[in-house]
Amino acid sequence: MAEAEEDCHSDLIRADDNERPGEANLQARELFLKAVEQEQNGALYEAIKFYRLAMQLVPDIEFKITYTWSPEGDGVGKSYIEDGDDDGKMADLLSYFQQQLALQESSVKLCQPDLDVSQTHISVLPMEVLMYIFRWVVSSDLDLRSLEQLSLVCRGFYICARDPEIWRQACLRVWGRSCNKLVPYTSWREMFLERPRVRFDGVYISKTTYIRQGEQSLDGFYRAWHQVEYYRYMRFFPDGQVMMLTTPEDPQSIVPRLRTKNPRTDAILLGHYRLSQDTDNQTKVFAVLMKKKEEKPIDYHKYRYFRRVSVQETEHSFHVGLQLCSSGRQRFNKLVWIHHSCNITYKSTGETAVSAFDIDKMYTPLFFARVKSFTAFSEKPL
């Protein structure tokens, strides 16, 4: 009796489909949604019946509806997005993959091995362990580029790589309390990708070249001219630390030394930075740097037979202001100088003398260069 009613109902639907294709799509969509709801409630027999009716109307209805996870976390929700073309499907790829996993059997895993292997496959690991591995991939250096590459492995890894908690923690590491609200962004991932920030997987480098007049020869017939060339390097870390080095050595010899926070270079300046966004939506970077402190032991035997001359102790700090810009296809890859000064503090009196430098053509912009070795190792997870 039930089969007769089902056949009769399918015949009526076919007749309507021939007359009104648009209504057939709507009916197939409603039947498919009802089938999913029945399957989630445990009524498998009713779900199969509605699945069959929906596919008789539109055979590929399964690929025209994309589901999102419900707020209660019970699998597939009732909200859907209709994929009219490939662009819309790619725009909501995360929901599409979630739908594919939800429509499979209840014991489905995030990923399945393509070949039969005797070793334990990564799909056997619990979700908590997988997410911990993903946090190690991001690491404390915020290597989100590697996370994006990891998402290309399979649908399950794509879903794990879009976990909002990972991107939220990355945003908190960069902007702190100033990113408590998502507005105007729709997700934490969009905030991390779109909001201006300094980059951590490389070095900002500037090259300055100028001509300097030399001394006149003894016979007065000619005067030498010298071409001076030097580099400035700046590297930022997610924890707010920054390094700056001015040297005539080329990047090939200097960049490998800047991999750690304790480089073996005496002339390097260490300090902290902060990001500031003005009302005109221009992001600026302010940093305070000091020379690397090295405690030298006092040689008392040297001053044993004569009187020491007291020298007033001073402390030098350099204040830097830069404007963060984008140039070409790369984002946030340019730093333009807006301020540079030296503060000299006398420890005996506590007075501070400020010497500001004129920002001229000698302060060329710094451009970002990615260094793969900086993110080759993970010291600790996110």
Side-chain angles (χ1 to χ4, degrees), residues 1-112 127 151-164 167 182-191 193-194:
M1 185 68 180
E3 294 180 357
E5 292 178 359
E6 181 179 337
D7 295 338
C8 181
H9 185 57
S10 62
D11 293 338
L12 292 175
I13 291 177
R14 288 195 189 96
D16 294 339
D17 190 12
N18 295 330
E19 296 176 0
R20 300 177 181 178
E23 293 185 2
N25 289 331
L26 292 176
Q27 289 181 1
R29 186 177 61 193
E30 293 177 358
L31 290 171
F32 196 88
L33 290 174
K34 193 170 183 180
V36 173
E37 184 179 359
Q38 293 292 335
E39 183 180 359
Q40 292 298 315
N41 294 334
L44 298 181
Y45 178 79
E46 297 293 332
I48 294 174
K49 181 177 68 174
F50 288 115
Y51 276 138
R52 185 182 301 172
L53 293 176
M55 295 184 68
Q56 287 176 354
L57 287 173
V58 181
D60 58 344
I61 185 63
E62 177 183 356
F63 303 100
K64 290 187 176 182
I65 301 177
T66 299
Y67 296 88
T68 58
W69 296 103
S70 62
E72 294 79 15
D74 56 350
V76 180
K78 296 182 180 181
S79 59
Y80 60 90
I81 298 175
E82 218 176 319
D83 291 333
D85 51 11
D86 292 340
D87 294 338
K89 184 176 180 180
M90 292 300 295
D92 200 19
L93 194 58
L94 176 61
S95 300
Y96 176 75
F97 286 163
Q98 289 175 341
Q99 174 214 0
Q100 295 300 313
L101 291 177
L103 293 177
Q104 298 179 20
E105 56 189 50
S106 58
S107 60
V108 69
K109 301 174 183 177
L110 278 177
C111 55
Q112 299 289 341
M127 175 63 73
S151 68
L152 302 177
V153 174
C154 63
R155 292 180 298 179
F157 279 18
Y158 186 94
I159 294 175
C160 291
R162 294 300 187 274
D163 181 43
W167 294 93
L182 276 175
V183 179
Y185 306 100
T186 58
S187 65
W188 294 106
R189 180 175 179 272
E190 182 184 355
M191 175 187 287
L193 297 178
E194 300 294 334

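One is the number of the first residue; the rest follow in order along the sequence.
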Quiz item: Between Phe157 and Arg155, is there a cation-pi geometry (under 6.0 Å to ring centre, at most 45° from the normal)?
Solution: no
Quiz prompt | Leu31 CG to Met55 CE distance, which is reported to the nearest 0.5 Å | solution = 12.5 Å
Quiz item: Can you check ring-ring contact (aromatic ring centres under 6.0 Å, His included) on Phe32 and Tyr51, steps first, answer last?
Solution: CA-CA 6 Å; Phe32 196 88; Tyr51 276 138; 5.2 Å; yes
Exercise. State, to 0.1 Å, how close Leu57 and Ala28 come at their nearest heavy-atom pair, and which atoms those are.
Key: CD1-N, 3.6 Å
Quiz item: Sequence neighbours excluded, which residues qualify as ring-ring contact (aromatic ring centres under 6.0 Å, His included) partners of Trp167?
Solution: Phe192
Exercise. Identify the heavy atoms of Ser151 and Ala161 that sit nearest to each other, and give their distance.
Key: CB-CB, 3.5 Å
Quiz prompt | Under 3.5 Å: donor-acceptor pair, side chain of Gln38, backbone of Lys34 | solution = no
Quiz prompt | Residues which pass salt bridge (Lys or Arg N to Asp or Glu O under 4.0 Å) with Glu46, listed by chain and number, not counting sequence neighbours | solution = Lys49
Quiz prompt | Rounded distance (nearest 0.5 Å) linking atom CG of Asn25 with atom CD of Glu30 | solution = 11.5 Å
Quiz prompt | Spatial distance of atom CZ (Phe50) from atom CG (Leu33) [nearest 0.5 Å] | solution = 12.0 Å
